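To start, the structure itself, in C-alpha coordinates.
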Amino acid sequence: MSRYIIDKTKLIENIELLKKIAGVPIIGVVKGNGYGFGIKELTLILKENGIKTFAVTEVSDIPVLKKILDDEEILVMRSTCIPAEAEIIAENGCTATIGSSDACAVMNNVSGKLGVKTKCHLKIDTGMGRYGFMPSEISKAIECYSSENLEFTGMYTHFSSAFRNEPLTKSQLVLFKDVTEQIKKAGHDPGILHCANSPALLNVDGVSLNAVRIGSAFTGRVITKGKNPLHRLGSLESEVIDIKTVPAGYSVGYNATYKTKRETKIAIVPIGHYDGFGLEKEKELYDLRYSLSVFKQVLKKKQMYVRINGRMFHVIGGIGLSHTAVDITGSDVKCGDIASVDISPLMVNPRIERIYI
(Lines give C-alpha, C1' and ligand atoms only; values in the text may rest on other atoms or scores of the structure.)
Protein backbone atom coordinates (compact mmCIF):
# COMPACT_ATOMS: atom_id res chain seq x y z
CA MET A 1 0.00 0.00 0.00
CA SER A 2 1.46 3.37 -1.03
CA ARG A 3 1.67 6.23 1.47
CA TYR A 4 3.17 9.72 1.51
CA ILE A 5 5.54 10.19 4.43
CA ILE A 6 6.11 13.58 6.07
CA ASP A 7 8.57 14.22 8.88
CA LYS A 8 6.55 16.25 11.42
CA THR A 9 9.61 17.31 13.43
CA LYS A 10 11.27 18.79 10.36
CA LEU A 11 8.00 20.43 9.29
CA ILE A 12 7.83 22.20 12.66
CA GLU A 13 11.45 23.28 12.22
CA ASN A 14 10.47 24.78 8.85
CA ILE A 15 7.56 26.62 10.47
CA GLU A 16 9.75 28.08 13.20
CA LEU A 17 12.45 29.15 10.75
CA LEU A 18 9.88 30.85 8.51
CA LYS A 19 8.39 32.68 11.51
CA LYS A 20 11.87 33.95 12.36
CA ILE A 21 12.62 35.05 8.79
CA ALA A 22 9.24 36.77 8.40
CA GLY A 23 9.31 38.71 11.66
CA VAL A 24 5.56 39.30 11.25
CA PRO A 25 2.50 37.04 11.55
CA ILE A 26 2.24 34.24 8.99
CA ILE A 27 -0.96 33.56 7.09
CA GLY A 28 -0.92 29.81 6.55
CA VAL A 29 -1.98 29.07 3.00
CA VAL A 30 -3.48 25.56 2.95
CA LYS A 31 -5.02 25.54 -0.52
CA GLY A 32 -4.49 22.55 -2.81
CA ASN A 33 -5.12 20.07 0.02
CA GLY A 34 -2.54 21.83 2.16
CA TYR A 35 -0.07 21.97 -0.74
CA GLY A 36 -0.46 18.20 -0.90
CA PHE A 37 0.33 17.64 2.79
CA GLY A 38 -3.33 17.14 3.71
CA ILE A 39 -5.40 20.21 4.56
CA LYS A 40 -6.59 18.89 7.94
CA GLU A 41 -3.21 17.59 9.04
CA LEU A 42 -1.21 20.65 7.96
CA THR A 43 -3.74 23.12 9.37
CA LEU A 44 -3.73 21.45 12.78
CA ILE A 45 0.08 21.45 12.93
CA LEU A 46 0.22 25.11 11.91
CA LYS A 47 -2.42 25.95 14.51
CA GLU A 48 -0.44 24.10 17.20
CA ASN A 49 2.59 26.19 16.25
CA GLY A 50 1.02 29.61 16.56
CA ILE A 51 -0.52 30.31 13.16
CA LYS A 52 -3.82 32.18 13.65
CA THR A 53 -4.92 32.99 10.09
CA PHE A 54 -5.45 30.47 7.30
CA ALA A 55 -6.06 31.02 3.60
CA VAL A 56 -7.72 28.93 0.91
CA THR A 57 -8.97 29.55 -2.62
CA GLU A 58 -11.81 27.04 -2.84
CA VAL A 59 -15.03 27.64 -0.89
CA SER A 60 -15.35 23.86 -0.57
CA ASP A 61 -12.41 23.99 1.86
CA ILE A 62 -14.28 26.26 4.27
CA PRO A 63 -16.40 23.54 5.98
CA VAL A 64 -13.28 21.42 6.41
CA LEU A 65 -11.44 24.23 8.22
CA LYS A 66 -14.46 25.24 10.29
CA LYS A 67 -14.53 21.76 11.84
CA ILE A 68 -10.95 21.93 13.10
CA LEU A 69 -10.42 25.62 13.86
CA ASP A 70 -11.68 27.61 16.81
CA ASP A 71 -11.64 31.39 16.45
CA GLU A 72 -8.84 31.50 13.87
CA GLU A 73 -9.49 33.65 10.79
CA ILE A 74 -10.14 32.08 7.38
CA LEU A 75 -9.21 34.26 4.41
CA VAL A 76 -10.72 33.21 1.09
CA MET A 77 -8.30 34.33 -1.64
CA ARG A 78 -10.97 34.23 -4.30
CA SER A 79 -12.70 37.35 -5.58
CA THR A 80 -16.03 35.93 -6.69
CA CYS A 81 -19.12 37.27 -8.41
CA ILE A 82 -21.01 34.02 -7.81
CA PRO A 83 -23.75 34.62 -5.18
CA ALA A 84 -23.69 31.00 -3.99
CA GLU A 85 -19.97 31.22 -3.25
CA ALA A 86 -20.34 34.61 -1.59
CA GLU A 87 -23.05 33.16 0.63
CA ILE A 88 -20.80 30.34 1.85
CA ILE A 89 -18.06 32.85 2.66
CA ALA A 90 -20.39 35.23 4.48
CA GLU A 91 -22.45 32.73 6.46
CA ASN A 92 -19.29 31.03 7.76
CA GLY A 93 -17.79 34.28 9.01
CA CYS A 94 -14.82 34.09 6.66
CA THR A 95 -12.85 37.05 5.35
CA ALA A 96 -13.64 37.66 1.69
CA THR A 97 -11.37 38.92 -1.07
CA ILE A 98 -12.79 41.84 -3.04
CA GLY A 99 -11.02 42.35 -6.36
CA SER A 100 -13.68 43.99 -8.51
CA SER A 101 -16.74 46.24 -8.26
CA ASP A 102 -18.98 43.32 -9.25
CA ALA A 103 -17.53 41.07 -6.55
CA CYS A 104 -18.03 43.89 -4.05
CA ALA A 105 -21.68 44.36 -5.05
CA VAL A 106 -22.41 40.62 -4.84
CA MET A 107 -20.78 40.20 -1.42
CA ASN A 108 -22.49 43.32 -0.07
CA ASN A 109 -25.89 42.16 -1.32
CA VAL A 110 -25.50 38.61 0.00
CA SER A 111 -24.26 39.87 3.38
CA GLY A 112 -27.24 42.19 3.63
CA LYS A 113 -29.67 39.35 2.98
CA LEU A 114 -27.97 37.22 5.63
CA GLY A 115 -27.95 40.09 8.10
CA VAL A 116 -24.18 39.94 8.63
CA LYS A 117 -21.25 42.27 8.11
CA THR A 118 -18.56 40.43 6.18
CA LYS A 119 -14.90 41.17 6.76
CA CYS A 120 -12.98 41.74 3.52
CA HIS A 121 -9.48 42.24 2.19
CA LEU A 122 -9.13 44.45 -0.86
CA LYS A 123 -7.08 42.85 -3.65
CA ILE A 124 -4.88 45.02 -5.87
CA ASP A 125 -3.55 43.69 -9.17
CA THR A 126 0.02 45.00 -9.48
CA GLY A 127 0.97 42.73 -12.34
CA MET A 128 -0.30 39.19 -11.80
CA GLY A 129 -3.25 39.79 -14.10
CA ARG A 130 -5.80 37.74 -12.18
CA TYR A 131 -7.92 38.95 -9.26
CA GLY A 132 -7.73 42.55 -8.16
CA PHE A 133 -8.33 46.19 -8.97
CA MET A 134 -5.68 47.63 -11.26
CA PRO A 135 -4.00 50.78 -9.88
CA SER A 136 -5.74 52.76 -12.61
CA GLU A 137 -9.05 51.66 -11.04
CA ILE A 138 -8.25 53.14 -7.64
CA SER A 139 -11.45 55.19 -7.63
CA LYS A 140 -13.52 52.00 -8.02
CA ALA A 141 -11.56 50.35 -5.22
CA ILE A 142 -12.18 53.31 -2.91
CA GLU A 143 -15.91 53.12 -3.60
CA CYS A 144 -15.94 49.64 -2.03
CA TYR A 145 -15.25 51.14 1.39
CA SER A 146 -18.72 52.67 1.33
CA SER A 147 -20.40 49.24 1.17
CA GLU A 148 -22.91 49.05 4.02
CA ASN A 149 -22.48 45.35 4.77
CA LEU A 150 -18.73 45.01 4.33
CA GLU A 151 -15.89 45.75 6.75
CA PHE A 152 -12.47 46.10 5.13
CA THR A 153 -9.76 44.82 7.47
CA GLY A 154 -6.89 44.24 5.08
CA MET A 155 -5.40 44.74 1.64
CA TYR A 156 -3.02 42.69 -0.46
CA THR A 157 -1.45 41.93 -3.82
CA HIS A 158 0.38 38.95 -5.31
CA PHE A 159 3.90 38.97 -6.73
CA SER A 160 4.17 37.31 -10.12
CA SER A 161 7.90 36.58 -10.33
CA ALA A 162 9.39 36.66 -6.84
CA PHE A 163 11.22 33.40 -7.51
CA ARG A 164 13.40 34.95 -10.20
CA ASN A 165 12.85 38.69 -10.76
CA GLU A 166 13.68 40.84 -7.74
CA PRO A 167 13.48 44.21 -9.58
CA LEU A 168 9.97 43.41 -10.85
CA THR A 169 8.90 42.28 -7.40
CA LYS A 170 10.15 45.49 -5.81
CA SER A 171 8.39 47.58 -8.46
CA GLN A 172 5.15 45.74 -7.70
CA LEU A 173 5.67 46.51 -4.02
CA VAL A 174 6.18 50.21 -4.77
CA LEU A 175 2.99 50.22 -6.83
CA PHE A 176 1.07 48.53 -4.02
CA LYS A 177 2.34 51.02 -1.45
CA ASP A 178 1.31 53.90 -3.71
CA VAL A 179 -2.23 52.54 -3.93
CA THR A 180 -2.24 52.11 -0.16
CA GLU A 181 -1.35 55.77 0.33
CA GLN A 182 -4.13 56.86 -2.02
CA ILE A 183 -6.64 54.87 0.02
CA LYS A 184 -5.37 56.46 3.23
CA LYS A 185 -5.66 59.94 1.67
CA ALA A 186 -9.27 59.09 0.81
CA GLY A 187 -9.86 58.68 4.54
CA HIS A 188 -9.88 54.88 4.78
CA ASP A 189 -7.81 52.50 6.89
CA PRO A 190 -6.42 49.76 4.59
CA GLY A 191 -5.89 47.45 7.57
CA ILE A 192 -3.43 44.55 7.48
CA LEU A 193 -1.11 44.77 4.47
CA HIS A 194 0.36 41.59 3.00
CA CYS A 195 2.14 40.93 -0.29
CA ALA A 196 4.85 38.33 0.21
CA ASN A 197 4.32 34.70 -0.74
CA SER A 198 6.90 31.97 -0.05
CA PRO A 199 9.29 32.85 -2.92
CA ALA A 200 9.14 36.56 -2.07
CA LEU A 201 9.93 36.02 1.60
CA LEU A 202 12.95 33.85 0.79
CA ASN A 203 14.28 35.83 -2.18
CA VAL A 204 13.50 39.52 -1.71
CA ASP A 205 14.27 41.79 1.25
CA GLY A 206 11.77 44.20 2.75
CA VAL A 207 8.54 42.57 1.55
CA SER A 208 7.04 41.35 4.81
CA LEU A 209 4.83 44.41 5.61
CA ASN A 210 2.23 43.43 8.29
CA ALA A 211 1.95 39.72 7.39
CA VAL A 212 3.19 37.14 4.86
CA ARG A 213 1.33 34.35 3.08
CA ILE A 214 3.21 31.06 3.30
CA GLY A 215 2.29 27.75 1.67
CA SER A 216 4.91 25.95 -0.39
CA ALA A 217 7.74 26.99 1.94
CA PHE A 218 6.31 24.79 4.70
CA THR A 219 7.09 21.80 2.49
CA GLY A 220 10.60 23.09 1.76
CA ARG A 221 9.84 22.81 -1.95
CA VAL A 222 10.19 26.41 -3.05
CA ILE A 223 12.48 28.07 -5.57
CA THR A 224 15.25 30.15 -3.96
CA LYS A 225 18.17 32.01 -5.48
CA GLY A 226 20.68 30.61 -3.01
CA LYS A 227 20.72 27.49 -0.90
CA ASN A 228 17.28 26.65 0.42
CA PRO A 229 17.49 26.83 4.24
CA LEU A 230 14.40 24.66 4.67
CA HIS A 231 13.98 20.90 4.94
CA ARG A 232 12.69 19.38 1.69
CA LEU A 233 9.84 17.21 2.91
CA GLY A 234 7.73 14.36 1.62
CA SER A 235 8.43 11.01 -0.02
CA LEU A 236 6.14 8.40 -1.57
CA GLU A 237 6.68 4.93 -0.13
CA SER A 238 5.65 1.36 -0.77
CA GLU A 239 7.18 -2.11 -0.54
CA VAL A 240 8.97 -4.23 -3.13
CA ILE A 241 6.21 -6.74 -3.93
CA ASP A 242 8.00 -9.12 -6.29
CA ILE A 243 11.44 -9.92 -7.70
CA LYS A 244 12.47 -11.73 -10.88
CA THR A 245 15.57 -12.33 -12.98
CA VAL A 246 15.48 -12.05 -16.79
CA PRO A 247 18.14 -12.86 -19.43
CA ALA A 248 20.02 -10.40 -21.63
CA GLY A 249 17.96 -9.04 -24.51
CA TYR A 250 14.70 -9.36 -22.57
CA SER A 251 11.98 -6.71 -23.08
CA VAL A 252 10.70 -4.77 -20.06
CA GLY A 253 7.69 -2.46 -20.11
CA TYR A 254 5.20 -1.38 -22.77
CA ASN A 255 6.04 -1.44 -26.48
CA ALA A 256 9.29 -3.34 -25.84
CA THR A 257 11.22 -0.06 -25.91
CA TYR A 258 13.64 -1.27 -23.24
CA LYS A 259 15.79 -4.40 -23.58
CA THR A 260 18.20 -5.67 -20.96
CA LYS A 261 21.89 -5.66 -21.90
CA ARG A 262 22.77 -8.42 -19.42
CA GLU A 263 21.07 -10.81 -17.08
CA THR A 264 19.05 -8.48 -14.92
CA LYS A 265 17.47 -8.77 -11.49
CA ILE A 266 14.26 -6.75 -11.32
CA ALA A 267 12.22 -5.48 -8.37
CA ILE A 268 8.56 -4.61 -8.90
CA VAL A 269 7.34 -1.60 -6.94
CA PRO A 270 3.58 -0.78 -6.89
CA ILE A 271 4.04 2.94 -7.56
CA GLY A 272 3.19 4.57 -10.89
CA HIS A 273 1.71 7.53 -12.71
CA TYR A 274 -1.61 7.12 -10.91
CA ASP A 275 0.20 7.74 -7.64
CA GLY A 276 2.04 10.76 -9.05
CA PHE A 277 5.40 9.17 -9.86
CA GLY A 278 6.88 10.58 -13.06
CA LEU A 279 4.57 13.58 -13.13
CA GLU A 280 6.11 17.02 -12.78
CA LYS A 281 4.66 20.28 -11.50
CA GLU A 282 4.90 22.87 -14.25
CA LYS A 283 8.12 24.78 -13.83
CA GLU A 284 7.90 28.37 -12.60
CA LEU A 285 10.95 29.46 -14.54
CA TYR A 286 9.86 30.47 -18.00
CA ASP A 287 13.08 31.59 -19.61
CA LEU A 288 15.76 30.41 -22.01
CA ARG A 289 17.60 28.47 -19.33
CA TYR A 290 14.52 26.38 -18.56
CA SER A 291 13.80 25.78 -22.26
CA LEU A 292 17.36 24.52 -22.73
CA SER A 293 17.14 22.27 -19.66
CA VAL A 294 13.94 20.68 -21.00
CA PHE A 295 15.60 20.12 -24.38
CA LYS A 296 18.57 18.46 -22.69
CA GLN A 297 16.27 16.22 -20.65
CA VAL A 298 14.53 15.07 -23.83
CA LEU A 299 17.85 14.28 -25.51
CA LYS A 300 19.13 12.40 -22.47
CA LYS A 301 15.82 10.62 -21.78
CA LYS A 302 15.95 11.65 -18.12
CA GLN A 303 16.65 8.70 -15.85
CA MET A 304 14.25 8.03 -13.00
CA TYR A 305 15.29 6.40 -9.73
CA VAL A 306 13.77 4.56 -6.78
CA ARG A 307 15.48 4.45 -3.38
CA ILE A 308 15.58 1.03 -1.69
CA ASN A 309 17.52 0.38 1.50
CA GLY A 310 19.26 3.73 1.17
CA ARG A 311 20.52 3.08 -2.35
CA MET A 312 19.28 4.56 -5.64
CA PHE A 313 18.24 2.11 -8.38
CA HIS A 314 17.36 2.84 -12.02
CA VAL A 315 13.81 2.56 -13.28
CA ILE A 316 13.71 0.40 -16.41
CA GLY A 317 11.00 -0.07 -19.01
CA GLY A 318 9.27 3.19 -18.15
CA ILE A 319 6.85 4.02 -15.36
CA GLY A 320 3.46 2.33 -15.56
CA LEU A 321 0.09 3.43 -14.27
CA SER A 322 0.39 1.36 -11.08
CA HIS A 323 3.76 -0.43 -11.19
CA THR A 324 7.41 0.32 -11.84
CA ALA A 325 10.26 -2.05 -12.64
CA VAL A 326 13.63 -1.33 -11.04
CA ASP A 327 17.05 -2.79 -11.91
CA ILE A 328 18.45 -4.20 -8.63
CA THR A 329 21.15 -6.38 -10.17
CA GLY A 330 23.96 -7.12 -7.72
CA SER A 331 22.00 -6.05 -4.66
CA ASP A 332 20.46 -7.93 -1.75
CA VAL A 333 17.06 -6.25 -2.11
CA LYS A 334 14.23 -8.58 -1.13
CA CYS A 335 10.43 -8.55 -1.14
CA GLY A 336 9.04 -6.36 1.61
CA ASP A 337 11.90 -3.86 1.55
CA ILE A 338 10.79 -0.22 1.58
CA ALA A 339 10.98 1.61 -1.74
CA SER A 340 10.62 5.39 -1.86
CA VAL A 341 10.59 8.15 -4.47
CA ASP A 342 10.93 11.90 -4.15
CA ILE A 343 7.70 13.48 -5.40
CA SER A 344 6.21 16.93 -4.96
CA PRO A 345 3.19 16.58 -2.65
CA LEU A 346 1.13 18.49 -5.20
CA MET A 347 1.59 15.62 -7.64
CA VAL A 348 0.65 12.84 -5.24
CA ASN A 349 -2.81 11.37 -5.77
CA PRO A 350 -5.16 12.73 -3.05
CA ARG A 351 -6.38 9.16 -2.36
CA ILE A 352 -2.98 8.25 -0.94
CA GLU A 353 -2.76 8.50 2.83
CA ARG A 354 -0.50 11.20 4.26
CA ILE A 355 1.40 9.83 7.24
CA TYR A 356 3.23 12.12 9.65
CA ILE A 357 6.13 10.52 11.50
Side-chain angles (χ1 to χ4, degrees), residues 19 22-31 46 50-57 62 65 69-80 86 89-112 114 116-128 130-135 137-159 172-197 200-201 206-215:
K19 286 163 64 175
V24 296
I26 286 178
I27 297 172
V29 183
V30 292
K31 65 180 182 179
L46 293 176
I51 306 300
K52 299 185 181 301
T53 302
F54 297 86
V56 293
T57 54
I62 294 174
L65 292 183
L69 296 178
D70 298 315
D71 56 354
E72 289 83 7
E73 181 178 5
I74 300 173
L75 169 64
V76 182
M77 300 185 300
R78 182 192 194 99
S79 179
T80 180
I89 294 169
E91 67 184 5
N92 280 284
C94 299
T95 300
T97 289
I98 301 299
S100 69
S101 296
D102 288 341
C104 181
V106 168
M107 186 61 69
N108 186 56
N109 184 50
V110 166
S111 299
L114 292 173
V116 299
K117 194 153 191 174
T118 301
K119 290 183 179 180
C120 301
H121 282 201
L122 190 73
K123 178 70 180 288
I124 304 300
D125 178 11
T126 57
M128 189 68 181
R130 298 191 304 201
Y131 302 124
F133 290 93
M134 293 182 292
E137 299 176 308
I138 184 62
S139 59
K140 292 182 180 179
I142 290 174
E143 288 175 1
C144 293
Y145 287 87
S146 301
S147 302
E148 182 180 3
N149 304 305
L150 305 182
E151 177 187 359
F152 284 86
T153 59
M155 178 174 157
Y156 70 105
T157 192
H158 189 66
F159 297 134
Q172 284 186 265
L173 181 61
V174 169
L175 195 55
F176 177 75
K177 288 182 175 179
D178 180 66
V179 173
T180 302
E181 288 305 312
Q182 292 185 60
I183 288 175
K184 289 180 179 178
K185 288 179 181 178
H188 304 291
D189 179 4
I192 297 171
L193 305 177
H194 51 103
C195 298
N197 53 4
L201 178 64
V207 293
S208 290
L209 301 185
N210 304 133
V212 295
R213 302 184 305 273
I214 301 300

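Every value quoted in this text rests on a predicted model; they were computed, and no experiment measured them. Values below: all heavy atoms of this structure, side chains included; hydrogens, waters and symmetry mates excluded.
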Distance (rounded to the nearest 0.5 Å) between Ile124 CD1 and Met155 CE | 4.5 Å
Compare all side-chain heavy atoms of Val116 with those of Ser111 and state whether any distance is below 4.5 angstrom.
-> yes
Does the side chain of Phe133 come within less than 4.5 Å of Ile138's, by heavy atoms?
-> no
Between Ile74 and Thr95, does a side-chain contact (heavy atoms from CB on, under 4.5 Å) hold up when you go through it step by step?
-> CA-CA 6 Å; Ile74 300 173; Thr95 300; over 6 Å; no
Closest non-hydrogen atom pair between Val76 and Thr57, with its separation | CG1-O, 4.4 Å
Kindly indicate whether the side chain of Asp189, heavy atoms from C-beta on, has any atom under 4.5 Å from the side chain of Thr153.
-> no
Donor-acceptor pairs are to be reported for all side-chain atoms of residues 177-186 against protein atoms at under 3.5 Å, with residues two or more places apart or in another chain.
{"unit_1": "Asp178", "atom_1": "OD2", "unit_2": "Gln182", "atom_2": "NE2", "d": "3.0"}
{"unit_1": "Thr180", "atom_1": "OG1", "unit_2": "Phe176", "atom_2": "O", "d": "2.9"}

dist Lys140:NZ -> Cys104:SG (nearest 0.5 Å) comes out at 12.5 Å
Contact check, side chains of His121 and Leu75, non-hydrogen atoms, under 4.5 Å = yes
Is atom NZ of Lys52 surrounded by more than 12 heavy atoms (other residues, nucleotides or ligands) closer than 6.0 Å?
-> no
Measure across Cys120 and Leu150 and return the closest heavy-atom pair with its distance rounded to 0.1 Å.
-> SG-CD2, 3.8 Å
If you round to the nearest 0.5 Å, how far is CZ of Phe54 from SG of Cys94?
-> 13.0 Å
So with a 6.0 Å cut-off around CD1 of Ile192, is the heavy-atom count from everything else above 12?
-> no
Distance, nearest 0.5 Å, that separates CE of Met128 from CG of Asn197 | 8.5 Å
Considering non-hydrogen atoms only, spot the tightest contact between His194 and Ala211 and give its length.
-> CB-O, 3.3 Å
Backbone of Tyr131 reached by a side-chain donor or acceptor of Asp125 within 3.5 Å | no
Ala196 and Leu201: which non-hydrogen atoms are nearest, and at how many Å?
-> CB-N, 4.3 Å
State whether a side-chain donor-acceptor pair under 3.5 Å links Tyr156 with Thr97.
-> yes
Which atom pair, heavy atoms only, marks the closest approach of Cys144 to Phe152?
-> O-CE1, 3.2 Å
With sequence neighbours excluded, tell me which residues meet salt bridge (Lys or Arg N to Asp or Glu O under 4.0 Å) with Arg78.
-> Glu58, Glu85
Under 4.5 Å between any side-chain heavy atoms of Pro190 and Leu193, yes or no?
-> yes
Pairwise distance CE(Met107) to OG(Ser79) - rounded to 0.5 angstrom | 8.5 Å
Test item: Val29 and Ile214 side chains (from C-beta on) under 4.5 Å apart, heavy atoms | no
Rounded to the nearest 0.5 Å, how far apart are CD1 of Ile98 and NZ of Lys119?
-> 15.0 Å
Does a sphere of radius 6.0 Å around CE in Met134 hold more than 12 heavy atoms from other residues, nucleotides or ligands, not counting ones at 6.0 Å or beyond?
-> no
Evaluate the side-chain proximity of Ile27 to Val212: yes if any heavy-atom separation is below 4.5 Å, no if none is.
-> no
CA sep, side-chain torsions, deciding dist, call: Val207, Leu173, side-chain contact (heavy atoms from CB on, under 4.5 Å) | CA-CA 7 Å; Val207 293; Leu173 181 61; 4.1 Å; yes
Min side-chain heavy-atom separation His158-Arg213 under 4.5 Å | yes
Could you go through the side-chain contact (heavy atoms from CB on, under 4.5 Å) check for Thr80 and Ile89 one step at a time?
-> CA-CA 10 Å; Thr80 180; Ile89 294 169; 4.2 Å; yes
Identify, with sequence neighbours excluded, every residue that meets salt bridge (Lys or Arg N to Asp or Glu O under 4.0 Å) alongside Lys31.
-> none
For Thr126 and Thr157, does a side-chain donor sit closer than 3.5 Å to a side-chain acceptor?
-> yes
Any idea which heavy atoms bring Gly132 and Glu137 closest together, and the distance?
-> O-OE1, 4.4 Å
